[in-house]
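Below is one structure, written out as structure tokens; comments come after it.
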Amino acid sequence: MKRHTRGASMRQSACKATAAIFTIKDARVHRKRRKRFRASSSFGSVHRLSNTKHTSIMKCDAVIEKIKARVASIDPNGPRKVLGVFQLNIEAADGVHEIIVDLKNLKVSEGKAASPDVVINLKDEDFIAVGTKTVPVKDAVAQGKVSMTGDQNLFQLLVDAI
């Protein structure tokens, strides 16, 4: 009888060892599938976000919000140094984003201005650097990171006001 139980227990332990091996393999396969699912689902969410009305989330959105807050805090009846319409063309990874900073009517909006006084072209990263004051505007212009067309004096007034 003992031999029979020993053989049965050996068979059971062999089955347990085989089951453990399959469990380890299953766990590895499951982890790989989970990684693939996460990668595909995160791609899908980015794709869904890009189809919404706000076309994308730029890195410089925080700087734009600061500009909006600063323009909103200006007293419309008080004295102002800069009166003009500025078209910002910010080059991001997904294309060029156009922002209108209208200091005559104290508005900041997305879109293309009909007749801007100054058009400023720059990349997303450079806009962040200038907006957070890590790079002075004069240095960015000198390095060619910021290009400008239009009223040079008005642009200079804006630079001095920043």
Side-chain angles (χ1 to χ4, degrees), residues 23-162:
T23 306
I24 292 170
K25 284 183 180 178
D26 289 341
R28 287 182 188 151
V29 168
H30 182 67
R31 266 189 243 122
K32 286 181 182 178
R33 286 182 184 159
R34 202 171 29 184
K35 283 181 184 176
R36 274 189 251 138
F37 175 74
R38 283 184 187 155
S40 66
S41 64
S42 66
F43 173 76
S45 65
V46 169
H47 182 68
R48 282 190 298 272
L49 278 176
S50 66
N51 289 334
T52 59
K53 185 174 180 176
H54 184 60
T55 55
S56 72
I57 298 173
M58 294 187 299
K59 296 176 190 175
C60 64
D61 280 343
V63 176
I64 293 170
E65 291 303 317
K66 285 182 183 179
I67 292 171
K68 286 180 180 179
R70 189 160 178 191
V71 169
S73 69
I74 296 173
D75 181 18
N77 299 325
R80 292 187 266 166
K81 293 180 182 178
V82 183
L83 288 172
V85 178
F86 299 89
Q87 175 72 49
L88 299 174
N89 296 326
I90 302 169
E91 185 179 330
D94 61 340
V96 177
H97 297 271
E98 299 169 328
I99 297 168
I100 305 165
V101 180
D102 185 353
L103 295 179
K104 291 179 183 175
N105 299 320
L106 299 177
K107 294 180 184 177
V108 178
S109 59
E110 291 185 27
K112 192 166 187 166
S115 58
D117 297 314
V118 179
V119 177
I120 302 168
N121 300 309
L122 65 164
K123 291 184 179 178
D124 196 19
E125 295 84 18
D126 300 327
F127 185 66
I128 293 169
V130 169
T132 57
K133 298 183 181 181
T134 55
V135 174
V137 178
K138 292 176 184 177
D139 291 348
V141 171
Q143 294 169 4
K145 293 181 177 182
V146 176
S147 65
M148 177 286 259
T149 57
D151 188 354
Q152 180 74 29
N153 294 329
L154 194 57
F155 178 71
Q156 190 60 44
L157 285 173
L158 180 68
V159 169
D160 293 340
I162 292 174

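Numbers here simply count residues along the sequence, with the first being 1.
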field: Qualifying salt bridge (charged side-chain N to carboxylate O under 4.0 Å, His left out) pairs, either residue in residues 96-109, two or more places apart
entry: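 Every pair satisfying salt bridge (charged side-chain N to carboxylate O under 4.0 Å, His left out) with a residue in residues 96-109: Lys104-Asp117.
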
Mind checking the [atom1]-[atom2] spacing from [X] to [Y]? Nearest 0.5 Å is all I need.
X	Y	atom1	atom2	value
Ile128	Ile90	CD1	CD1	9.0 Å
Leu158	Asn153	CG	CG	12.5 Å
Gln87	Asn121	CD	CG	8.5 Å
Ile64	His97	CD1	NE2	8.5 Å
Arg80	Leu103	CZ	CG	7.5 Å
Ile67	Phe127	CD1	CZ	3.5 Å

message: Tell me the closest heavy-atom pair linking Ala113 and Val85, and the distance in Å.
response: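 Taking every non-hydrogen atom into account, CB-CG1, 4.1 Å.
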
- request: Go through the steps to decide whether Ile100 and Val108 satisfy the test side-chain contact (heavy atoms from CB on, under 4.5 Å), and finish with yes or no.
  value: CA-CA 6 Å; Ile100 305 165; Val108 178; over 6 Å; no

Flag side-chain contact, heavy atom, 4.5 Å: [X] against [Y]:
X	Y	answer
Val135	Asp126	no
Asn89	Val119	yes
Val137	Asp139	no

Enumerate donor-acceptor pairs with a distance under 3.5 Å from any side-chain N or O in residues 141-148 to protein atoms, sequence neighbours excluded.
from   : atom 1 : to     : atom 2 : distance (Å)
Gln143 : OE1    : Lys145 : NZ     : 3.4

message: Between Arg70 (side chain only) and Glu65 (backbone N and O only), is there a donor and an acceptor less than 3.5 Å apart?
response: no

